[in-house]
Amino acid sequence: LGGCGRSKTPYDHAMDRAESSLERRDFEGTLASWMKAAEISETDDDRQEALYRRAHLLLRLGRTEDARVALRELVEKLS
């Protein structure tokens with residue numbers, strides 16, 4: 001059973017770093033890790049997930065203009 005799961009990708013590691021940073025309230029580290037995850041993702045779904053999480057955190061931090069730009073970029077990538 002030890003080898004049944006898929007091995008983690010660089011994207012998975014970046015997402016794990018983002019979650020760890022978020023737990024420590026290192027919001028800049030979280031935002032950077034989600035951007036890195038988006039940049040290195042191998043699928044559109046993964047890229048969109050990382051970008052969405054980044055935009056959502058920007059909103060939660062009150063950085064509405066940054067969030068607006070991030071959401072606009074996400075929508076453009078969906079088109």
Side-chain angles (χ1 to χ4, degrees):
L1 290 178
C4 292
R6 74 176 179 93
S7 59
K8 286 196 169 196
T9 66
Y11 167 84
D12 295 325
H13 289 291
M15 293 297 281
D16 288 346
R17 280 191 302 277
E19 292 302 321
S20 178
S21 295
L22 187 59
E23 288 173 8
R24 293 189 316 274
R25 300 183 60 82
D26 172 13
F27 301 125
E28 291 305 316
T30 303
L31 293 168
S33 292
W34 278 330
M35 182 56 79
K36 180 65 174 178
E39 291 169 356
I40 63 176
S41 63
E42 296 178 4
T43 68
D44 288 340
D45 285 346
D46 285 347
R47 185 174 305 105
Q48 292 163 11
E49 177 70 20
L51 292 173
Y52 173 79
R53 287 182 184 213
R54 182 175 180 276
H56 186 251
L57 179 56
L58 287 166
L59 279 173
R60 288 178 43 207
L61 294 174
R63 294 171 53 181
T64 51
E65 187 54 37
D66 291 337
R68 187 175 292 122
V69 170
L71 288 169
R72 192 174 301 125
E73 290 173 0
L74 177 58
V75 169
E76 287 172 0
K77 291 183 185 309
L78 293 173
S79 303

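Quantities reported herein were computed from a predicted structural model and do not represent experimental measurements.
The hydrophobic cluster containing Leu22 also contains Leu61, counting ILVMFWY residues as joined when their side-chain heavy atoms lie under 4.5 angstrom apart, directly or transitively. No path of Ile, Leu, Val, Met, Phe, Trp and Tyr side chains, each step under 4.5 Å between heavy atoms, connects Tyr11 with Leu51, placing them in separate hydrophobic clusters.
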Take Arg63 and Glu28, measure what salt bridge (Lys or Arg N to Asp or Glu O under 4.0 Å) needs, and give me the verdict at the end.
CA-CA 12 Å; Arg63 294 171 53 181; Glu28 291 305 316; 2.7 Å; yes
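Summarising the geometry, atom CG belonging to Leu74 is positioned 9.5 Å from atom OH belonging to Tyr52; distances are rounded to the nearest 0.5 Å. With values rounded to the nearest 0.5 angstrom, Glu19 atom CD is found 6.5 Å from Met15 atom CE.
Judged by distance alone, the side chains of Arg68 and Thr64 never bring a donor and an acceptor atom under 3.5 Å apart.
More than 12 heavy atoms of other shown residues, nucleotides or ligands fall within 6.0 angstrom of atom CD in Glu65.
Under the salt bridge (charged side-chain N to carboxylate O under 4.0 Å, His left out) criterion, Glu73 pairs with no residue, sequence neighbours left out. Checked against side chain to side chain contact (heavy atoms under 4.5 Å, CB included), Ala18 has the following partners two or more places apart in sequence or in another chain: Thr30, Ser33, Trp34. For Arg72, there are no salt bridge (charged side-chain N to carboxylate O under 4.0 Å, His left out) partners at least two apart in sequence or on another chain.
Within the 4.5 Å cutoff, the side chain of Asp44 has heavy atoms near those of the Arg47 side chain.
Residues Ser41 and Asp46 approach most closely at CB-CB, 3.8 Å, considering heavy atoms. The minimum heavy-atom distance between Ala55 and Ala67, with the atom names listed, is O-CB, 3.7 Å. Across all their heavy atoms, Leu58 and Ala70 have their closest contact at CD1-CB, 4.0 Å.
A donor-acceptor distance shorter than 3.5 angstrom exists from the side chain of Asp12 to the backbone of Thr9, with no hydrogens or angles considered.
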